[in-house]
Amino acid sequence: MAAVPSRCLLVTGPPGVGKTTLVMRVFETLRASHPHLTIRGFYTREVRENGERVGFEVVTLDGRSGPLASSKVSSPESGRWPTVGKYKVDVASLESLAVPELQVREDTDLFIIDEVGKMELFSSAFFPAVMRVIESNIPVLATIPIPRYGRDIPGVARLRNHPGAVVFTLNTGNRDVMRETIYNQLSSLLQKSAAGTPPN
């Protein structure tokens, strides 16, 4: 019996290896080759000042953006924000931008989630929204951090061990091959969906 193609593709690898770049290139290629697709989700990008990383922002696939975390923020409310290293995490901004993009709707062909990591998981609404997406049978391309010191974040471990998930571990030597593999797998899944093939 042929293996059922996974609908949940997780990209992992060390910081700076190019997970977001890979996901965005796959997204851009899919959008060009399948212009009628409805792709929803978000990605994170670095905020730099004078060449130094000072934070991260959340960017939706339709171009809206807002802060995710900053080492520079010093407003009164930020004193109560959770921290990851030197960064204070703006949970309210994440929830106002990213979580609505993860609403499961019938017209969505693909979700992109970059990333499911420690910062995002400070939001109590975020992980349940991710799990609803994973359980929805709509294809998902997501990034997750690599375990640090051999320990996985519990939410990340749940995704990594989900029966419908396949994990692609990125390194500097395999990025191009991985990008092509992931694109081909998603393209095949999306063509079957468009043809009305019942989900496996």
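Small disclaimer: the values here were computed from a predicted structure and weren't measured.
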Minimal non-hydrogen separation, [X] against [Y], with atom names:
| X | Y | answer |
| --- | --- | --- |
| Phe126 | Val99 | CA-CG2, 4.1 Å |
| Ala69 | Tyr87 | CB-CB, 3.9 Å |
| Met24 | Leu61 | CE-CD2, 4.3 Å |
| Val156 | Pro145 | CG2-CD, 4.0 Å |
| Lys88 | Gly79 | NZ-CA, 4.2 Å |

Test item: [X] side-chain N/O and [Y] main-chain N/O as donor-acceptor pair under 3.5 Å:
| X | Y | result |
| --- | --- | --- |
| Asp152 | Pro154 | no |
| Ser6 | Gly164 | yes |
| Thr83 | Gly85 | no |
| Arg40 | Arg105 | no |
| Ser93 | Leu68 | no |
| Ser188 | Asn184 | no |
| Asn174 | Thr169 | yes |
| Glu120 | Gly117 | yes |

All side chain to side chain donor-acceptor pair (under 3.5 Å) counterparts of Arg151, not counting sequence neighbours | none
Member of Leu186, Ile113, Leu30 meeting the side-chain contact (heavy atoms from CB on, under 4.5 Å) criterion with Leu141 | Leu186
If you count heavy atoms of other groups shown closer than 6.0 angstrom to [atom1] of [X], is the number above 12?
| X | atom1 | answer |
| --- | --- | --- |
| Glu28 | CD | yes |
| Arg175 | CZ | yes |
| Asn50 | CG | no |
| Glu46 | CD | yes |

Will you find, in the side chains of Thr60 and Tyr43, an N or O donor that is under 3.5 Å from an N or O acceptor?
-> no
Judged by modelled atom types alone, do Ser123 and Glu95 share a side-chain donor-acceptor pair under 3.5 Å?
-> yes
Is there a side chain to side chain contact (heavy atoms under 4.5 Å, CB included) between Trp81 and Val89 once you walk through the steps?
-> CA-CA 6 Å; Trp81 292 357; Val89 181; 5.7 Å; no
Are the charged groups of Glu57 and Arg64 less than 4.0 angstrom apart, N to O?
-> no
Do the charged groups of Lys19 and Asp114 touch, with an N to O distance under 4.0 Å?
-> no
State the CZ-OG distance between Phe56 and Ser70, to the nearest 0.5 angstrom.
-> 10.5 Å
Between OG1 of Thr29 and NE2 of His34, what distance do you get to the nearest 0.5 Å?
-> 11.0 Å
Leu9 reachable from Ile134 in the ILVMFWY side-chain graph, under 4.5 Å edges | no
Path from Phe168 to Leu22 over hydrophobic side-chain contacts below 4.5 Å | yes
Should Ile39 and Asp109 be marked as a side chain to side chain contact (heavy atoms under 4.5 Å, CB included) after you check the CA-CA gap, both sets of side-chain angles, and the distance that decides it?
-> CA-CA 6 Å; Ile39 306 176; Asp109 299 300; 5.5 Å; no
